[in-house]
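Order of appearance sets the numbers: ligands from 1, and atoms from 1 within every ligand. Along the sequence shown, residues are numbered consecutively beginning with 1.
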Amino acid sequence: MSESHVSDSVIVGWENHPFYSGVLGAMERAGRAIQIDRNVFNRLSKPKRVLYVSVPVRMDDGTIQVFDGFRVQHNTTLGPAKGGIRYHIDVNLAETSALAMLMTLKNSLVGLPLGGAKGGVRCDPNKLSRKEKQALTRRYTTEISMLLGPEKDIPAPDIGTDAQTMAWLMDTYSQQVGHAVPGVVTGKPIEIGGSLGRVDATGRGVVYTVIEASKRLRLDLNDKTRVAIQGFGNVGYHSAKILSDVGCSIVAVSDVSGGIYNTKGVAIEELRAYIAQNKTVKGFPGGDFVSNDELLELDVDILIPAALSGQITEKNADKIKCKILAEGANGPTSPEADAILFDKGVFTVPDILANSGGVIVSYFEWVQGLQKFFWSEKDVNNKLWEIISNAFNRVYDFHSGNKMDMRHSAIAVSLERLSKAMLYRGFFP
Ligand code: NAD
């Protein structure tokens, strides 16, 4: 079978996919807690719109390889669809749809005038040259451009994509319409309309929610506070850097190649410099090797999964020892693991709250682009703090008032706003 073959698992079966059905199940339980209108729930249980595209790319060796790409818009009641674009070998329609649903819930939770979307291309970005990655991005953008626009659908970076990818996307769209359109994408470089503070916003938001959680748990954040972080990309690195600035000790970090453990603290900037040279964490001399599985089970105060979904399941949940689990990644914990962690007394800051800093500052970037008026980094960070701590407090109040875990409380708070908005707007035709 050629690599361009679109297998059933890539394009169908999203209703039965464990990640999709996990998010849907959580939404159903949270919806019951707020007595959500059944028709509203039925509409939210499926994506509004799904686009499959094949993405042909001329590779450096002259052959043409055809990649599978998607853009899913889950809901657009509150505003234009918004969500990242992922380049990863496991991208499929079910996962992209579940991530789009999470984006709808996240944007509603933090009060943004945005709907939820997600996109991706099934590829290994580490195996693509810069030229191939640019060609893939430009062709993918062209194929999904019927959905895109500053008032329609606004992508952002996710796993395997970065500011350069967003610049190519912005340029491709702008070439099509004949003028520069910075508002079509967020997470761009500053020089073409990006926002100060966007690059570290997701990690910063994770840390702001950890600060709020530690106040509630009466846990001092100091050099005795041990932190482990899975994933050392955009979210993992910035969470590590900002938490160590706060004074915590980052005792373990990992990437796809495995992790480094040092009870005295891993030197974050030295590790970053090492990765710039050697591409991976593997072989870094400043600590002992730990596998990604072992990292999750370390005896730490704060655990931050900041890589892929499905990392904490019923197989390892019982061995998790942290006090605070702050979900930098989307969907790192399965529903079965959630229940086990709740019984163990682990305080979870769920993904739609913990990693919402990225989309909050993306929203700031979009607003600045539309107004052509740019803010200082201090203004961006202050406004981020205001929005995310306010959201944390609303979720925490629901959690303590209803004796419901933080994940379902976050979804319930989000659904309260979204369901009212859907009922006000009504149903067409
Ligand atoms: P990234 O591509 O910058 O980094 C991903 C990191 O995960 C890399 O260090 C990679 O080596 C590691 N990784 C990949 N596969 C792994 C595996 N099997 N085991 C352990 N580590 C692995 O991506 P990112 O932007 O930092 O995104 C990380 C997570 O955060 C994703 O779940 C993403 O959806 C979520 N997120 C990102 C943003 C954002 O603004 N970038 C916003 C919200 C949520």
Does ligand 1 have any atom that is closer than 4.0 Å to a heavy atom of R198? yes

Does ligand 1 have any atom that is closer than 4.0 Å to a heavy atom of S254? no

State the atoms of ligand 1, each with its element, that fall below the 4.0 Å cut-off from a heavy-atom position in [X].
X    : value
A307 : 7 (O), 13 (N), 21 (N), 22 (C), 28 (C), 29 (C), 31 (C), 32 (O)
R86  : 31 (C), 32 (O), 33 (C), 34 (O)
G160 : 2 (O)

N/O to N/O below 3.5 Å, does that happen between [X] and ligand 1?
X    : value
V256 : yes
G231 : no
N355 : no
L308 : no
A306 : no
T202 : yes
N330 : yes

Donor-acceptor contact present, side-chain [X] to main-chain [Y], <3.5 Å:
X    : Y    : answer
T76  : G79  : no
S54  : D68  : no
S108 : R417 : no
N278 : G283 : no
R226 : D299 : yes

Under a plain distance cut-off of 3.5 Å, with no hydrogens placed, do E327 and T333 share a side-chain donor-acceptor pair? yes

Taking atom types as modelled, find out whether R198 and S362 have a side-chain donor-acceptor pair closer than 3.5 angstrom. yes

Which residue and atom name correspond to the protein heavy atom nearest [atom], and how close is it?
atom                    : answer
atom 19 (N) of ligand 1 : N292 ND2, 3.6 Å
atom 23 (O) of ligand 1 : I159 CA, 3.5 Å
atom 3 (O) of ligand 1  : N234 N, 2.9 Å
atom 34 (O) of ligand 1 : D158 OD1, 2.6 Å
atom 26 (O) of ligand 1 : V235 N, 2.9 Å
atom 9 (O) of ligand 1  : F232 N, 3.0 Å
atom 6 (C) of ligand 1  : G233 N, 3.8 Å

Could you tell me if the side chain of T142 sits less than 4.5 Å from the side chain of T172, heavy atoms only? yes

Going through the checks in order, is the salt bridge (charged side-chain N to carboxylate O under 4.0 Å, His left out) test met by D293 and K319? CA-CA 10 Å; D293 290 346; K319 300 187 197 119; over 6 Å; no

Strictly below 4.0 Å, N to O, side chains only: are D255 and K282 in salt-bridge contact? no

Under 4.0 Å between a Lys/Arg side-chain N and an Asp/Glu carboxylate O for E297 and K321? no

To the nearest 0.5 Å, atom CG of D351 lies from atom NZ of K106 at 6.5 Å

